[in-house]
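Right, one structure below, let's go through it.
Every number for a ligand or one of its atoms is a count from 1 in the order of the listing. Values below: all heavy atoms of this structure, side chains included; hydrogens, waters and symmetry mates excluded.
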Amino acid sequence: MALNNEHIKWFRDSSPYIDAHRDRTFVICLTGDALRSANLKNIVSDCALLNSLGVRLILVFNGDSAILEALGDEWSLSGQHRITTPEQIETVTAVVGGKTHELAAMFAASSPDTPTALNKTRREVLTSSGSFVKARPIGIVDGIDFQNSGNVRKVQGDAIAAQLNNGAVVLVPPVGYSPSGEIFYLDAIQIACETACELNAEKLIFLTQHEGLLNEAGETINEVDLSHPEPALSTGTELLPFCHVACQQGVGRCHILSYDVDGALLEELFTRDGCGTQVVGHSYEQIRDATTDDVAGILRLISPLEDAGILVKRSRERLESEIDRFLVIERDGLLISCGALYPYHCSEKGGFGELACLVTHPDYRKSDRGDRLLESVEKRAREDGLSNLFVLTTQSAHWFQERGFVARDRDTLPQARQALYNDQRGSTVLVKPL
Ligand code: ARG
């Protein structure tokens, strides 16, 4: 029987994330019209799957379209906020109460099917909801009284944590209560952000109408690093301030993805590159000097190329002793590129640096990782006072020539390196002045 190799690869690639997400707290916020999406059932069953993998899940939702349907245009909007009258808040609580029950019922119906031969008792997903959010009135702003529309005053983290400890998925509707017993309609995005901060969540995930944050050309941006200037966006600008707050308060990552795309949540969470936008306080991809902890990762990167005869074989011992010469790009714990610089200082020709072992993980070859690494190696060479960079290659001459390297005679190289030249390989010598 043929093996389903893709499935096996996918499962293996996702296993680091299965491990990383276990026992972590994720806050998922259903924004916009998510509750009406034809995909809602799949979202709920993917949430049930996350719950079964040990993720501590809080689902915050708005009921806006259902409330609007019940109240009509009288539920007016001023700026970003609804104005909710004391009469209207009754309808609001009835509608969101109904939505809470509908969601709970969907969870009950979507418990993962366990093969009965393996497990006699069907595992039901437990949901819990309650008065977890304390609110205060927005009050009167610019002469407009927002009445029973409020802001989050405090999320009762302990109460939510107790439910999570019980294994429940916690459902949080967009209402809150004041100490005096008044009920307020609240913004789900604000609740989600405050909840993530209060619970020290690992992730704050917004499910939105778009596939992520889109740039001006309408393409999904894969990652936004908040420590850099923000990219020009055509959507989602209202979410970024909340991501800022969350990242500042220690939430690991925020994610923005589509509520309409089946499987988006799983792809985002269990693949290295996701499918939506990841927003982080600091980039999770970095170029840095290699350390001895990277030896195994570098060997994994280079050995397929050594086996194919493209690189000259290096032993683990040699790699360990030369590890200081290596630079790596690490992406979420995985080494995806490496390269090394060997300096040759010779009096008659000036300093030469050999760029060696420049390798990028197959999944990232069509990206600019090689260029970024080359740039860093060049920088390091200049700092070392070298005036030329050279590379010996049997198969990648074009790539280097496109980047300013020129084919030269072997005797251009420093004597010490000429002596090591392997005639059998017949490598092309390429040199780039720095
Ligand atoms: N699966 C990983 C996580 O859950 C990485 C997701 C990366 N997503 C992205 N849009 N770059 O943290």
[X] heavy atoms, cut-off 4.0 Å: which ligand 1 atoms fall inside?
X      : answer
Tyr17  : 1 (N), 2 (C)
Gly274 : 7 (C), 8 (N)
His21  : 4 (O)
Arg253 : 2 (C), 3 (C), 5 (C), 12 (O)
Gln278 : 5 (C), 6 (C), 7 (C), 8 (N), 9 (C), 10 (N), 11 (N), 12 (O)
Thr271 : 1 (N), 2 (C), 5 (C), 6 (C)

Looking at Trp399, I'd like to know if the NZ or CZ of Arg403 sits under 6.0 Å from its six-membered ring centre while staying within 45 degrees of the ring's axis.
yes
Looking at ligand 1, does any of its N/O atoms fall within less than 3.5 Å of an N/O of [X]?
X      : value
Glu223 : no
Leu269 : yes
Arg331 : no
Asp332 : no
Glu268 : yes

To the nearest 0.1 Å, how far is [atom] from its closest protein heavy atom, and which atom is that?
atom                    : answer
atom 9 (C) of ligand 1  : Asp273 O, 3.2 Å
atom 11 (N) of ligand 1 : Asn222 OD1, 2.8 Å
atom 10 (N) of ligand 1 : Gly276 O, 2.9 Å

Heavy-atom side-chain proximity of [X] to [Y] below 4.5 angstrom:
X      : Y      : value
Phe326 : Leu319 : yes
Thr91  : Ile67  : no
Val279 : Arg253 : no
His21  : Glu202 : no
Leu434 : Asn388 : no

Are there more than 12 heavy atoms of other residues, nucleotides or ligands under 6.0 Å from atom CZ of Arg318?
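Count over threshold, so yes.
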Give the contacting part of Arg272 toward ligand 1: side chain, backbone, both or neither, where contact means a heavy-atom distance below 4.0 Å.
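For Arg272, the contact with ligand 1 is made by the backbone alone.
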Checking the side chain of Glu285 only, and the main-chain atoms of Glu330 only, is there a donor and an acceptor separated by less than 3.5 Å?
no
Who gets closest to atom 3 (C) of ligand 1 by heavy atom: Glu267, Glu202, Lys203, Glu285?
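Nearest option to atom 3 (C) of ligand 1, by heavy atoms: Lys203.
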Can Thr84 and Ser149 be counted as having a side-chain donor-acceptor contact under 3.5 angstrom?
yes
Looking at Glu322, Arg325, Glu354, which one forms a side chain to side chain donor-acceptor pair (under 3.5 Å) with Tyr342?
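The single option meeting the side chain to side chain donor-acceptor pair (under 3.5 Å) with Tyr342 is Glu322.
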